[in-house]
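Read the numbers this way: they start at 1 and go in the same order the structure lists the ligands and their atoms. Side chains included, hydrogens not; waters and symmetry mates left out as well; all remaining heavy atoms used. None of the values given here were measured: they were computed from a predicted structure.
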Amino acid sequence: MTRPGAARNSVRPSRRLVVVGSGIAGLYAALLAADAEGSSAAEVVLLSKGQLEHSNTFYAQGGVSAVLEPGEAAPGDSVEAHIADTLAAGAGLNNADAVRILCTEAVQDIAGLRRFGVIFDADAQGGTALGLEAAHSAPRILHAGGDATGARIARGLIAAVLERAVCGRLRLETGAFVTGLTTAEGSVSGVEYLQNGELTSLPAEGVLLATGGAGQVFARTSNPAVATADGLAIAWRAGAAVADLEFFQFHPTTMAMQETAGGPPPLLVSEAVRGEGAVLLDADGHRFMPDYHHDAELAPRDVVSRSIALHLARTGAPADSPVFLDARGIEAARGSGFLARRFPTINAATRAAGYDWTAEPLPVSPAAHYWMGGVSTDLHGRTSVPGLYAAGEVACTGAQGANRLASNSLLEGLVFGRRAVEAFLADPESRDTTAPRASSAAGGLSFTHASAALSRDLDRGECASSAVAEEVAESVPGLEPFSRDALRRLMTAHAGVLRSGEQLQEAAATLAAWAAVIRPESFVGVTDPREFEDRNLLLAARLLVAAARQRTVSVGAHYRADADHAPAPTHSMQRISS
Ligand code: FAD
Ligand code: SIN
């Protein structure tokens, strides 16, 4: 590590690392790589498809979970407790080694963020303020600007990146949409990207995908427009193994407001609000969560979203009806002005939407939020394709299991982004095919192109001959023409919070028919990134549905309405285990 921003005075590095994406994982990894010195130093190129701020990271509210050093951590809290909470939320399908690394190394990367200029909120005594979120057994959520944590982190890291770009320590390209990887002898040899309507190739010894998630696969999502599964699709096409794709997390409390096509995502009302004591009511004013889980509103996120869906079904309300988040008790208990001070972003946005949450409950609904599955990696960010690394939401280390614990995602981007850079810098030859390869993450299903089960479903689409493809398209009567909007509606209706085998089968047939029309060869000469995004969303949807069809039992965020379940609750206490 050198003085931040100092120009590198050694000879030009012989190896190049391309980092794709400017969320927390990509920014942090690019900074660490750019600051590396000595024989392992690499030339670093950071590519991002929009502005640097365009990311899920920028929207993060609640914060980053970490058990700080004794004295700074909450009394009685421990790394072991953070590990136990992460495993419990993930329904035990986590990769235990990844969880241990995530929780143990958190403190190191919080220090790393602070080194790059990120300042976390302080408590009244001047120590680090620690919030509580659902399914955490102790307050351990670091936040910045109240509920503006993601924006504060992103701005801090972007400032550090720009400083290094100015003095030539890294090269930065925005508006650079990565369309695919180039390979040589089975290893990654670089990327191809579209910029200003032109397709460019950039050779590299290593490529780190930090392209984030895929919320845009669903009609209702907390994710901004950039979350289109590009990295997953790019890696899949290069032959990388993927895992845990049936596990997509829905956040229970996004504002139920009129949405405009192509407009901003619905406002997320942070879990930290429930951590402060807000409760969920149905349209009759009944507080229903205690009927579904002993931890009520502080149950794991998958449980709360599912309980909302089941409660609406049981009370005969339409599936898209809102429930109500009541934060009035917080203001009453903590004093007037508390909500505005602690949650300035939510306070401003709800007021702009015409709600006074100190005086009335907010209408909220679940929305697609976070993909636990992704490109399968080992504990050092290596994928199954030599030279290709992945970190952050696009990756699947198995740390999150079947359902992510709140505020563990920013943390994963930090810890495994750093580890991926360390692996690239340490790998004597990153195209070394003997390097340890990605293991199947945890208990989720792991697929490769060679996987018989998946190729049976998938190859009759993107990889099929056009004759077979046409046959597939004709096999779905009344097929709606493909559009992003139609895809998102289909996924929400057939593969959302609750799903059944029949719904998934219908979704698979429609998706296969669309894939037969959206042919790979028709992309030659295409210069509109949105068309590539559509193709990536379609592939991601097909992979998700294929994975969901294979898991016929309910676990974590994957709930099969047609699987055997405990009897429905009758307003007495009943647990839905996560
Ligand atoms: P992102 O931050 O999504 O960044 C991905 C980057 O890749 C973007 O810059 C994008 O433009 C770029 N990119 C994508 N495709 C391409 C391409 N083809 N070519 C070039 N560039 C590309 N998690 C927490 O831990 N705590 C929270 O409090 C929290 N709150 C959240 C609130 C909201 C509203 C949302 C949406 C998410 C929240 N999450 C939270 C989840 C968390 O923000 C994300 O999982 C995390 O930020 C992902 O970081 P990332 O670096 O992997 O990806
Ligand atoms: C939130 O603030 O509720 C989001 C936290 C997360 O996604 O981890």
(request) Pull out every atom of ligand 1 sitting under 4.0 Å from any heavy atom of Leu268, numbered as shown with elements. (result) 32 (C), 34 (C)
(request) Name the closest protein heavy atom to atom 2 (O) of ligand 1, giving the residue it belongs to and the distance to 0.1 Å. (result) Thr57 OG1, 2.5 Å
(request) Mind jotting down which protein residues get a heavy-atom contact under 4.0 Å with ligand 2? Chain and number order, please. (result) Gln61, Gly62, His251, Leu268, Ser270, Glu271, Arg301, His369, Arg404, Ala406, Ser407
(request) Take every heavy atom of Thr149, measure it against each atom of ligand 1, and state whether any distance is under 4.0 Å. (result) no
(request) Determine, using heavy atoms of Val20 and all atoms of ligand 1, whether some pair is separated by less than 4.0 Å. (result) yes
(request) May I ask you to say whether Arg274 pairs ionically with Glu133, meaning some side-chain N is under 4.0 Å from a carboxylate O? (result) no
(request) Would you mind checking if Asp230 and Lys49 are paired as a salt bridge, meaning a charged N to carboxylate O distance below 4.0 Å? (result) yes
(message) Does only the side chain of Glu412 get under 4.0 Å from ligand 1, or the backbone, or both, or neither? Count heavy atoms.
(response) neither
(message) Checking contacts here: is it the side chain or the backbone of Ala210 that comes within 4.0 Å of ligand 1, counting heavy atoms only? Could be both or neither.
(response) backbone
(request) Sequence neighbours left out, what passes ring pair (Phe, Tyr, Trp, His ring centres under 6.0 Å) with Tyr370? Give chain and number order. (result) none
Just go through [options] and tell me whose heavy atom is the nearest to [atom].
atom: atom 25 (O) of ligand 1; options: Leu232, Asn223, Leu410; result: Leu410
atom: atom 26 (N) of ligand 1; options: Ala60, Gly26, Gly62, Gly63; result: Gly63
atom: atom 39 (N) of ligand 1; options: His369, Gln61, Gln400; result: His369
atom: atom 15 (N) of ligand 1; options: Asp230, Val191, Leu157; result: Asp230

(message) Testing the 3.5 Å rule here: is there a donor-acceptor pair between the side chains of Asp147 and Ser270?
(response) no
